[in-house]
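Structure first, then comments.
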Amino acid sequence: MRALPRLALAALTAAATVAVVSATADAAADPSPITVLTSDFEDGTVQGWAGRSAETLAHSTAVAHGGTGSLLVSGRTATWQGPSLDVLGTFEKGTAYTISVWVRMASDSDSARLSVERRTGGVAAYDQVVGNTAVTSGAWVNLTGRYTLATDVEFLRVYVETASTTGSLHIDDLTVGYVPALPVQTDIPSVKDVVTEFPVGAAITGAEIVTEHGRLLTKHFDSVTPGNALKWDATEPSENTFTYAQADPLMAFAKANGLAVRGHTLVWHNQTPSWVFTGADGQPMTATAEDKALLLGRLENHIRNVAAHYGTDIGVWDVANEVIDESRPDGLRRSNWYNVAGLDYLRTAFRVAREVAPHAKLYINDYNTNVPAKRDFLFTLVQQLKAEGVPIDGVGHQVHININWPTLAETESMLTKFIPLDIDQQVTEMDVSIYTGDGESFPTPPADRLLKQAYVYRDMFALFRRYSNEITSVTLWGLADDNTWLDTFPVTRKDAPLLFDTRLQAKPAYWGVADPTRIETSPSASVSPSVSVSPSTGTNPGAGSCAVTYRVTGSWPGGFQADVKLANTGSAALTSWKASWQFTGGQQISQLWGGTVTQSGATVTVGNAAWNSGLPAGGSTSFGFLGSWTGGNPVPAAFTLNGTACTVL
Ligand code: 9MR
């Protein structure tokens, strides 16, 4: 292990802070991470690593990821045994560390995962950083994940373990680094002060109450939803053993800061331990009277304990989550709950929740409620249950959407549909993905997507505010783009669905909610050149009447992402446009958006797409691309627009 000396680290941090401050007007520029730990095993030692039990750790030259040495772990007698490294003196609370390590089995094939063990007051907790990943003896596999310590600890170790075998394994080239946090902007309006028709909330997980994340939460939001901490697997991992270790710190923070809490969630088909659906005979439950009674008993016990633990501190509960499946003829999801208990699980859940938390509003929550078939099944179910006297107070619309879907009209129909039921409605998990298909992947969010997203947020919030008689709160599913479930769903790629960027700075999306007139003019939108779509006439801007801004927004070994802004500084409008330049570093464009590209050797020509052909006098448009480079990545020196040389900004 090579830990950087504290002084050197302090100097690096100070230097980085300077760079960071100047980056606030340019939120897309991510500085290089500061490395705090490395283990390369090139010095013939085990560099401070130890086993988790009685395994044998030795320096090895049998295989190496980089250089000639690696760490060999042998003599494992359980899958949880593996190499571990003390990071207690290295990790600071609230800092998001990126941990990367290479793993290779000595002879078996298995899956490996990367975790952190922490202990507070002698009680151990295990946080998974990277889940099971296939590993063999034939190649090195990289495990990379992010970890933020949320609590005070007296023991903290990073470790690697395997899923099913106990064979020997190698690790090599661990690096741990972080990108220094930027201070939360205090000179911008708070979302909660702008949107006064209903409380606005955010979901948080893990460490998002400490340092800058906590400040972002309290500056902008009235309410908070624990994203995972109140789910069944977190609160009752084994039968009748209740633990609130995850939720209690969030709840205490909410109370101390005057935040309302949405309780999420009491009954769900996900994140529910398998023991819940295991019968007295040890077999998976089926639709027998005995299994049904056992299941409903467990459900009642769970709700009585969890809802009572927080009493009046939780004013709204998502009692039931995602019970509709519109592909079924009756629209009811065939979950274990339904398969064993039919609709009685819903009747029990709402009845018990009302008994234990009579003050709380009780919700049925679902996604894609803008899809007519799903919306209608949900409506019918709520109507039926309410007619029976089941105490449902509200419908939660998750609103996990993207920049192209759904339309505003579909969203409005989602709201109007439920008005006749005379119940409350809440938007419970809103985020707006920048992706419109599974095949897309951008290392850095393209400017035109962020702009489009800002207009979606503007229009959706305007709609919600118009329906403030129906909507009693709007919650976003996350605080900032550094922590979103969409980074791994539906495929692994970096998404940017929220109001604040990965460094907690306001995005154009934020201005879409806070002040739409500033979407394109605010400093945070300087990364988002305006996209002109208005039709216009004319042909050529004439000499010297265009300006080009070419920015590399992300760069990595062999690859990069860039944004290009074209401004028509002439007096004539263009009905179509074509930009051209020469690369001098062997760059090759692999994917371009916002235009159509042809590249012949070093010469690149980008023409307009069908939707952005018009470029009025004084207007501008932008496109972006991913590319590779071999000999370097110099910025092109000269550009033309429709054959005319442009000023390069
Ligand atoms: O945001 C949650 C994520 O951290 C969990 O890994 C995931 C596991 O199921 O659940 C996410 O939250 C979900 C919410 O509870 C219900 N609606 C969909 C959300 C996104 O998956």
Side-chain angles (χ1 to χ4, degrees), residues 96 113 115 126-132 145-148 150 201-209 213 217 221 223-237 246-247 250 261-274 276-277 302 306 314 316-326 333 335-337 349 363-371 374-375 378 394-402 414 425-433 435 438 473-499:
R113 53 181 182 260
S115 305
Y126 306 91
D127 302 321
Q128 189 170 287
V129 180
V130 182
N132 284 337
R146 280 160 52 91
Y147 183 73
T148 307
I204 60 166
T205 55
E208 292 184 314
I209 51 174
H213 288 88
L217 177 64
F221 298 100
S223 130
V224 64
T225 303
N228 285 319
L230 289 171
K231 290 174 181 170
W232 198 308
D233 59 352
T235 51
E236 193 186 1
Q246 282 189 48
L250 309 185
V261 178
R262 289 196 88 260
H264 176 86
T265 176
L266 295 171
V267 191
W268 193 21
H269 59 279
N270 279 336
Q271 289 176 277
T272 305
S274 57
V276 177
F277 306 111
H302 180 79
V306 177
I314 294 183
V316 179
W317 271 107
D318 285 333
V319 174
N321 196 32
E322 301 176 0
V323 308
I324 300 295
D325 175 356
E326 72 273 31
R333 182 185 290 279
S335 63
N336 287 333
W337 292 109
Y363 271 70
I364 186 165
N365 187 46
D366 219 320
Y367 61 94
N368 287 4
T369 49
N370 52 281
V371 171
K374 186 157 190 178
R375 175 196 71 197
L378 180 60
V395 165
H397 305 283
Q398 294 187 3
V399 188
H400 293 294
I401 61 178
N402 72 41
M414 165 190 97
Q425 300 188 56
Q426 297 193 342
V427 173
T428 55
E429 305 186 15
M430 183 179 185
D431 45 25
V432 182
S433 172
Y435 294 107
D438 291 358
S473 85
V474 173
T475 291
L476 301 169
W477 204 243
L479 259 184
D481 290 344
D482 65 329
N483 184 11
T484 163
W485 72 290
L486 290 171
D487 282 355
T488 52
F489 181 89
V491 296
T492 298
R493 61 186 170 191
K494 186 67 203 125
D495 208 334
L498 297 161
L499 303 186

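In listed order, ligands and their atoms are each counted from 1. Residues: numbered from 1 along the sequence shown.
With a heavy-atom cut-off of 4.0 Å, Trp268 touches ligand 1 through its side chain alone.
Of the candidates His264, Gln271, His269, it is Gln271 that places a heavy atom closest to atom 8 (C) of ligand 1.
Taking the six-membered ring for Trp and thresholds of 30 and 60 degrees, Trp232 and His302 have nearly parallel ring planes, at less than 30 degrees apart.
With respect to Asp487 and Arg493, no salt bridge is recorded, no charged nitrogen being found less than 4.0 Å from a carboxylate O.
Shortest contact from atom 21 (O) of ligand 1 to any protein heavy atom: Trp485 CE3, 3.2 Å. Taking atom 2 (C) of ligand 1 as the reference point, the nearest protein heavy-atom neighbour is Asn228 OD1, 3.5 Å. The single protein non-hydrogen atom nearest to atom 10 (O) of ligand 1 is Lys231 NZ, 3.1 Å, given as residue, atom name and distance. Counting protein heavy atoms only, atom 1 (O) of ligand 1 is closest to Trp477 NE1, 2.8 Å. The closest protein non-hydrogen atom to atom 19 (C) of ligand 1 is Glu429 OE1, 3.3 Å.
The line from CD1 of Ile204 to CG of Leu217 is 5.5 Å long, rounded to the nearest 0.5 Å.
Only one option out of Val316, Thr225, Val224 pairs with Val261 in a side-chain contact (heavy atoms from CB on, under 4.5 Å); it is Val224. When each of Met414, Glu429, Gln426, Met430 is checked for a side-chain contact (heavy atoms from CB on, under 4.5 Å) with His397, only Met414 meets the rule. No option in Thr265, Asn270, Asn365 other than Asn365 meets the side chain to side chain donor-acceptor pair (under 3.5 Å) test with Asn321.
Residues passing the side chain to side chain donor-acceptor pair (under 3.5 Å) test with Asp495, sequence neighbours excluded: Ser433.
The closest approach between a heavy atom of Thr205 and any atom of ligand 1 is not below 4.0 Å.
The contact set between ligand 1 and Asn321, taken as ligand atoms under 4.0 Å from a residue heavy atom, comprises 16 (C).
Some N or O of Gln398 is nearer than 3.5 Å to an N or O of ligand 1, by distance alone.
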